[in-house]
Number of protein chains: 4
Amino acid sequence: MAAKRTGEKYEAIIDAAVRVIAQFGYHQAQVSKIAREAKVADGTIYLYFKNKDDVLISLFNEKMGAFISDVERALSAVPSPEDQLKELVRLHFEYLEGDHELAIVTQIELRQSNPEVRRQIGLIVKKYYDVIDQLLRSGIEKGSFAEDFDVRTARYMIFGTIDETVTSWIMNDCKYSLMGQVEPILRLFLKGISR
Amino acid sequence: MAAKRTGEKYEAIIDAAVRVIAQFGYHQAQVSKIAREAKVADGTIYLYFKNKDDVLISLFNEKMGAFISDVERALSAVPSPEDQLKELVRLHFEYLEGDHELAIVTQIELRQSNPEVRRQIGLIVKKYYDVIDQLLRSGIEKGSFAEDFDVRTARYMIFGTIDETVTSWIMNDCKYSLMGQVEPILRLFLKGISR
Amino acid sequence: MAAKRTGEKYEAIIDAAVRVIAQFGYHQAQVSKIAREAKVADGTIYLYFKNKDDVLISLFNEKMGAFISDVERALSAVPSPEDQLKELVRLHFEYLEGDHELAIVTQIELRQSNPEVRRQIGLIVKKYYDVIDQLLRSGIEKGSFAEDFDVRTARYMIFGTIDETVTSWIMNDCKYSLMGQVEPILRLFLKGISR
Amino acid sequence: MAAKRTGEKYEAIIDAAVRVIAQFGYHQAQVSKIAREAKVADGTIYLYFKNKDDVLISLFNEKMGAFISDVERALSAVPSPEDQLKELVRLHFEYLEGDHELAIVTQIELRQSNPEVRRQIGLIVKKYYDVIDQLLRSGIEKGSFAEDFDVRTARYMIFGTIDETVTSWIMNDCKYSLMGQVEPILRLFLKGISR
DNA sequence: TATGAATGAGCTTTCATTCAT
DNA sequence: CATGAATGAAAGCTCATTCAT
């Protein structure tokens with residue numbers, strides 16, 4: 001009854017969901033299509049997930065969770081707040097550029113999902129917000145960043161800019177490299193929040 | 001046969017759609033519910049709109065079109081690029097803070113709509129991008145803004161930040177005033193793009 | 001309130017109905033389309049007809065009524081039963097070949113109409129059956145036709161054959177002349193029912 | 001995804017469709033009514049058929065296909081063309097008299113269906129035309145039938161007469177036996193087409 | 001564990017008809 | 001007489017979820 005949260009089928013289903021949603025779009029990603037792509041029966045999905053929403057939420061949770069861990073690990077290895085910010089932007093772009101399907105799914109398709117899924121996604125993204133906020137606060141403490149800006153406002157800028165940049169990149173069919181945007185964006189950020 | 005694109009019923013239906021979508025959410029905004037709210041028969045909607053999608057696209061077009069016109073008019077009355085940017089942010093916030101329901105609909109709910117509607121919405125938002133780009137280019141020409149940043153990148157920052165700020169405000173139930181965010185955001189922007 | 005059964009608009013509406021049904025088919029012949037073709041307002045149709053069914057029934061009645069009168073008149077001018085039968089087949093074909101649109105409407109499209117319309121059409125066709133039956137009975141009395149066949153059965157043959165011939169002709173886009181079929185059909189009939 | 005074309009539910013749905021259409025008429029034969037009659041859920045119909053049209057086309061195809069096979073088998077067992085024609089008329093009447101509901105559906109109700117369904121039905125009936133044409137040609141070759149008539153014209157007579165006879169029988173509530181009509185009709189046919 | 005056939009609730013759109021002008 | 005804007009009932013189809021095997 002309770003859904004298993006591991007196993008190779010668990011992962012197969014999540015990966016199938018990413019592929020199907022990326023290829024057909026959120027509104028054409030039926031459970032049966034995901035099951036077929038994962039080479040399992042429709043009913044099998046309900047052995048590993050509570051319902052379709054749970055597949056989508058788990059998908060986001062797995063992918064975003066791994067990303068956030070990577071970011072946290074990377075930031076802890078970098079002492080300077082400026083370099084930390086650069087690392088965050090770089091990793092964000094690298095992660096999505098390395099998996100176009102995932103980029104499409106998390107950036108475009110999953111945003112059309114129903115209220116419950118978006119609520120859960122919001123809770124997960126919240127952790128990423130915390131990472132950014134922490135980075136900013138630490139930078140202010142260390143004297144790298146100015147004290148005259150509101151952390152939350154700066155986080156809106158950082159996340160909003162990154163998000164808009166990625167969305168725009170996808171809308172343009174990922175036909176240029178995101179990595180080239182790291183430096184320009186960073187320059188704007190640092191000028192904006194530096195002393 | 002052809003849908004009439006004006007008349008008091010036309011406006012009544014669009015306004016009803018805003019209210020219904022704001023209150024019940026995109027997925028619970030049935031045509032019959034919108035019709036009831038507009039105090040017209042279901043079929044009457046199809047005298048003024050081609051189909052349900054057309055209602056949503058028209059809604060966005062009317063509201064966003066009016067907003068963009070307002071912004072363009074306001075910007076032309078302000079000489080300094082710095083003040084123009086401030087005016088843009090201020091108007092954006094003022095417009096949405098002045099109509100919470102519209103804010104919810106355009107910022108949250110309509111983003112869950114089907115591909116065709118989102119495609120049309122994208123075309124309309126494109127015009128707003130152009131306004132921002134124009135503002136930035138003119139500021140660079142006049143020497144107010146630095147020359148070492150990419151206009152598109154700066155636009156990602158400006159639009160992305162504004163968008164994220166508004167989304168966050170709505171997610172927090174609009175319980176503080178957006179206007180208080182104008183100055184802090186602007187300071188980040190101007191430090192970022194000034195010479 | 002009571003529908004006027006004459007007037008130039010009455011005829012204009014019936015003729016418009018024939019053209020619209022012939023061009024667009026029964027299922028795409030909406031009242032508003034017929035009104036537009038007749039250059040009257042939708043509501044005007046209801047000044048001349050009780051409802052849409054009444055338009056269709058009146059259409060059939062007018063056209064078939066005129067045809068039956070023509071046939072009766074023609075038959076009375078011909079003494080020999082054999083020649084009468086020939087005249088009936090000839091007139092039937094001539095009438096429909098002379099008005100392809102009417103042929104399509106009465107032969108194909110109106111047969112898809114609802115039960116009430118078809119019931120009324122049946123009553124009108126009944127008169128044509130009577131003309132055929134009378135022709136046959138008179139031919140038997142005069143000794144032209146054999147006595148060993150049932151009149152009703154022969155009428156099934158005559159009407160069924162004519163009907164099938166016309167339907168087939170329309171299905172083949174009226175691309176040959178019906179008149180060429182008069183002699184062959186008549187030969188079969190006469191051999192079948194002659195002494 | 002692809003509709004299953006066999007199984008006991010497949011047959012149950014087709015049989016339910018015959019009963020519902022016969023009882024309520026084509027225009028009152030909703031999918032949900034057919035489903036209820038077949039004791040399946042509405043959605044189950046779409047596991048076995050592409051859409052409602054497909055139910056109707058399949059219905060006609062199954063019934064008419066079986067009938068045509070029966071006729072072909074029977075004719076091949078009869079050497080004389082005259083007896084073959086008799087067998088064809090007899091089987092036609094026997095088949096419909098043995099299933100009044102099917103007679104009503106194929107003879108009356110399905111003729112009101114939409115253009116696509118009627119087009120498909122036409123293709124199926126075409127095979128029956130071929131059987132008749134073949135019978136006639138073979139009779140001419142064997143010297144049983146005259147050579148001075150057109151096969152197509154004779155087929156119009158044979159099919160048209162049979163069709164008209166059955167329609168008339170149904171319109172009179174099937175209150176007499178069709179079998180009694182076999183001999184009279186056949187006499188007319190044979191006199192008409194014999195040497 | 002795994003299957004996949006079966007379920008059934010839910011919604012957009014059309015169009016004949018009316019009636020205030 | 002004539003108009004045409006407004007009405008509102010009615011139905012085919014999809015797809016997440018279940019459960020007997």
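In what follows, chains are A, B, ... by sequence order, proteins preceding strands, each numbered from 1.
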**Message:** Which nucleotide wins on minimum distance to the side chain of A:Gln30, given the candidates E:dT3, F:dC15, F:dC13?
**Reply:** F:dC15
**Prompt:** Do the side chain of B:Lys33 and the main chain of B:Gln28 share a donor and acceptor less than 3.5 angstrom apart?
**Reply:** yes
**Prompt:** Taking for each residue the nucleotide of DNA chain F with the nearest heavy atom, is it D:Gln28 or B:Gly43 whose nucleotide lies nearer the 5' end?
**Reply:** B:Gly43
**Nearest-nucleotide pick for D:Asp42, side chain only, options being E:dT17, E:dA9, E:dT13** = E:dA9
**Length of the line joining B:Lys33:NZ and E:dG10:P, which is rounded to integer Å** = 12 Å
**Request:** Measure the acute angle between the ring planes of C:His27 and D:His27, then classify it against the limits of 30° and 60° as parallel, tilted or perpendicular.
**Result:** tilted
**C:Asp15 bridged to C:Lys63 by N-O distance under 4.0 Å** = yes
**Asked** Which pair of non-hydrogen atoms, one from A:Glu37 and one from A:Arg19, has the smallest distance, and what is that distance?
**Response** OE2-NE, 2.6 Å
**Request:** Please tell me which of the listed nucleotides, F:dG8, E:dT7, F:dA6, lies nearest to the side chain of B:Ala41?
**Result:** F:dG8
**Asked** Please give, in whole Å, the distance from E:dC15 C1' to D:His27 NE2?
**Response** 15 Å
**Message:** Within the 4.0 Å heavy-atom criterion, would you say B:Tyr48 contacts the bases, only the backbone, or no part of the nucleic acid?
**Reply:** sugar-phosphate
**Request:** Select one nucleotide: of F:dA16, E:dT1, F:dT7, the one nearest the side-chain heavy atoms of A:Leu47.
**Result:** E:dT1
**Asked** Applying a 3.5 Å limit to both distances, which nucleotide forms a Watson-Crick or G-U wobble pair with E:dA20?
**Response** F:dT3
**Asked** Does C:Ser32 or D:Thr44 map to a spot on DNA chain E nearer the 5' end, using the closest nucleotide for each?
**Response** D:Thr44
**Prompt:** Considering only F:dT3, E:dT13, E:dA5, which nucleotide approaches the side chain of B:Lys52 most closely?
**Reply:** E:dT13
**Request:** Among E:dT3, F:dT17, F:dG12, find the nucleotide with the atom closest to the side chain of D:Tyr46.
**Result:** F:dG12
**Request:** Give a yes/no answer on whether the side chain of D:Lys9 brings an N or O atom under 4.0 Å of OP1 or OP2 in E:dA6.
**Result:** yes
